[in-house]
K.L.:
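Let me begin by handing over the structure; questions about it come next.
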Amino acid sequence: MTARSTGTAYDYDTVVAGAGPAGVMAAIEASSRGSVLLVDASALPRNKSCGGMLNEYAQSFLAAHGDMPDRIVLDPSHIHFRYVDWDRSIKKPTELRFLNVDRALFDDWLVSLLPDNVEISGSTAVKGLQQDADGVTVDLKNGGKPYQVTCRNLIGADGARSGVRRALGVENVSTYVTLQDFCTLKDEIEPYFDCIYMRGIGDSYAYSYVMPKGETAIVGSVYYPHTKRPADKQNHTLNILRKEMPALGDSVRREASVALYVRATADVVPGVGRVLLAGEAGGFMSPTSGEGISYAMNTGVLAGKAVAENDPADAVAAYRRATAHVGSNISRKLRWLPFMESRVGKYFAGFVPTPIVSKVTKGL
Ligand SMILES: Cc1cc2nc3c(=O)[nH]c(=O)nc-3n(C[C@H](O)[C@H](O)[C@H](O)COP(=O)(O)OP(=O)(O)OC[C@H]3O[C@@H](n4cnc5c(N)ncnc54)[C@H](O)[C@@H]3O)c2cc1C
């Protein structure tokens with residue numbers, strides 16, 4: 001790879017960091033301007049810890065990309081979100097309906113949609129960047145080997161712990177600690193995406209979720225930032241759940257990960273200079289429901305369009321305008337959080353009418 005020697009010679013028109021839904025959508029759109037390099041720190045295909053629930057917005061973004069192969073969709077294919085107040089045995093189904101996918105196969109399929117002028121490089125991490133009025137020089141590392149590439153714009157779609165965001169001098173958003181167990185099923189469980197709230201099992205606990213995934217079920221739990229010994233807490237939570245749900249068998253796989261803990265409008269940062277931030281890297285995620293795939297796809301598309309349709313120097317400003325409504329949506333949701341997370345809110349949550357549950361979670 002050659003370094004940029006003049007103001008106009010670039011290795012790529014656009015470099016995208018991260019091959020998740022934000023990065024792939026950004027790369028697809030940006031490819032209409034010219035060459036794109038898409039790098040991911042993980043080996044590809046990657047395995048992102050996730051419930052794999054695609055909401056109506058994520059499903060509508062996919063409509064433009066043809067039929068999703070059947071093997072990606074798990075049984076039952078569509079499930080409704082149900083709120084569960086564990087202590088009072090209240091179960092409230094909502095009209096929110098999700099497509100149930102295998103997240104690893106889904107991500108791999110997204111990568112297969114990339115056009116030919118997108119070069120893909122797995123196991124390649126962005127380690128730093130320098131930018132000036134002419135473009136961006138990106139420091140990369142592949143298999144221990146450092147090198148640099150130059151581009152007109154860089155799109156950081158590198159997730160919750162974005163190195164691109166940090167390289168811009170912008171602090172990362174704090175993160176929840178998440179654990180997911182894939183449990184065998186001794187019997188069928190009800191076909192819902194259950195979001196379970198329990199009281200009295202410690203302040204570090206936010207909520208759990210249970211969802212059937214073909215032959216197994218995911219039992220996930222979300223803990224507040226800096227939770228100590230989350231694995232012990234997840235064992236405890238699993239024991240409680242198994243007493244009421246004897247169909248949940250042994251855990252065949254456990255994953256630990258993080259999810260954005262968005263708490264302020266200032267957590268949303270669309271970019272700086274010639275560098276755009278999409279998906280979780282930009283702070284784009286629902287603070288009330290933890291849904292991030294639709295936000296990632298939406299902001300990935302908008303970031304890719306911003307670089308494809310504007311002068312490179314104006315792309316961040318155009319993207320900022322294009323994502324203003326997403327920031328407003330996140331701000332609106334943030335207003336519900338203090339109540340949702342208070343003891344009173346958790347106590348009364350079981351009595352909240354389902355249209356309000358939808359209102360708190362809907363929108364992009
Ligand atoms: C346990 C859990 C369950 C979830 N369940 C759901 C769900 O059911 N439905 C839903 O809508 N959302 C869910 N989410 C959220 C959703 O997974 C994310 O919001 C979504 O994947 C964000 O997409 P993204 O493209 O922004 O980032 P990611 O999908 O996180 O992709 C970022 C990529 O960047 C790469 N990367 C990181 N650093 C670098 C670097 N320095 N250089 C290059 N590449 C780098 C990573 O390897 C990764 O592949 C869940 C999250 C968690 C943690």
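Start at 1 and go down the list; that is how both ligands and their atoms are numbered. Scope of the values below: all heavy atoms of this structure, side chains included, with no hydrogens, waters or symmetry mates.
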K.L.:
Between the side chains of Glu255 and Ser257, is a donor N or O closer than 3.5 angstrom to an acceptor N or O?
P.N.:
no
K.L.:
May I ask you to check whether Thr14 and Arg33 show a side-chain donor-acceptor distance below 3.5 Å?
P.N.:
yes
K.L.:
Over 60° means perpendicular and under 30° means parallel, so tell me whether Phe98 and Phe81 are parallel, tilted or perpendicular.
P.N.:
tilted
K.L.:
Tabulating one pair per line, provide the atom names and distances (0.1 Å) for every N/O atom of ligand 1 that is less than 3.5 Å from a protein N/O atom.
P.N.:
{"unit_1": "ligand 1", "atom_1": "5 (N)", "unit_2": "Gly51", "atom_2": "N", "d": "3.0"}
{"unit_1": "ligand 1", "atom_1": "8 (O)", "unit_2": "Gly52", "atom_2": "N", "d": "3.3"}
{"unit_1": "ligand 1", "atom_1": "8 (O)", "unit_2": "Met53", "atom_2": "N", "d": "3.0"}
{"unit_1": "ligand 1", "atom_1": "9 (N)", "unit_2": "Met53", "atom_2": "O", "d": "2.9"}
{"unit_1": "ligand 1", "atom_1": "11 (O)", "unit_2": "Gly292", "atom_2": "N", "d": "3.2"}
{"unit_1": "ligand 1", "atom_1": "11 (O)", "unit_2": "Ile293", "atom_2": "N", "d": "3.0"}
{"unit_1": "ligand 1", "atom_1": "12 (N)", "unit_2": "Gly292", "atom_2": "N", "d": "3.0"}
{"unit_1": "ligand 1", "atom_1": "17 (O)", "unit_2": "Arg103", "atom_2": "NH1", "d": "3.0"}
{"unit_1": "ligand 1", "atom_1": "19 (O)", "unit_2": "Glu280", "atom_2": "OE2", "d": "2.5"}
{"unit_1": "ligand 1", "atom_1": "21 (O)", "unit_2": "Arg103", "atom_2": "NH1", "d": "3.3"}
{"unit_1": "ligand 1", "atom_1": "21 (O)", "unit_2": "Arg103", "atom_2": "NH2", "d": "2.9"}
{"unit_1": "ligand 1", "atom_1": "25 (O)", "unit_2": "Pro21", "atom_2": "N", "d": "3.4"}
{"unit_1": "ligand 1", "atom_1": "25 (O)", "unit_2": "Ala22", "atom_2": "N", "d": "3.0"}
{"unit_1": "ligand 1", "atom_1": "26 (O)", "unit_2": "Glu280", "atom_2": "N", "d": "2.9"}
{"unit_1": "ligand 1", "atom_1": "29 (O)", "unit_2": "Arg46", "atom_2": "NH1", "d": "3.2"}
{"unit_1": "ligand 1", "atom_1": "29 (O)", "unit_2": "Arg46", "atom_2": "NH2", "d": "3.0"}
{"unit_1": "ligand 1", "atom_1": "31 (O)", "unit_2": "Arg46", "atom_2": "NH1", "d": "2.9"}
{"unit_1": "ligand 1", "atom_1": "41 (N)", "unit_2": "Val126", "atom_2": "O", "d": "3.2"}
{"unit_1": "ligand 1", "atom_1": "42 (N)", "unit_2": "Val126", "atom_2": "N", "d": "2.9"}
{"unit_1": "ligand 1", "atom_1": "44 (N)", "unit_2": "Ala41", "atom_2": "N", "d": "3.1"}
{"unit_1": "ligand 1", "atom_1": "47 (O)", "unit_2": "Asp40", "atom_2": "OD1", "d": "2.7"}
{"unit_1": "ligand 1", "atom_1": "47 (O)", "unit_2": "Ser42", "atom_2": "OG", "d": "2.9"}
{"unit_1": "ligand 1", "atom_1": "49 (O)", "unit_2": "Asp40", "atom_2": "OD1", "d": "3.2"}
{"unit_1": "ligand 1", "atom_1": "49 (O)", "unit_2": "Asp40", "atom_2": "OD2", "d": "2.7"}
{"unit_1": "ligand 1", "atom_1": "49 (O)", "unit_2": "Arg46", "atom_2": "NH1", "d": "2.7"}

K.L.:
Give me the ring orientation class for Tyr224 and Tyr176: parallel if the planes are under 30° apart, tilted from 30 to 60°, perpendicular past 60°.
P.N.:
tilted
K.L.:
So is Arg199 actually on top of Tyr197's ring, under 6.0 Å and inside 45° of the axis?
P.N.:
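Checked: cation-pi criterion not met.
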K.L.:
Could you tell me whether Lys233 atom NZ has more than 12 heavy atoms of other residues or ligands within 6.0 Å of it?
P.N.:
yes
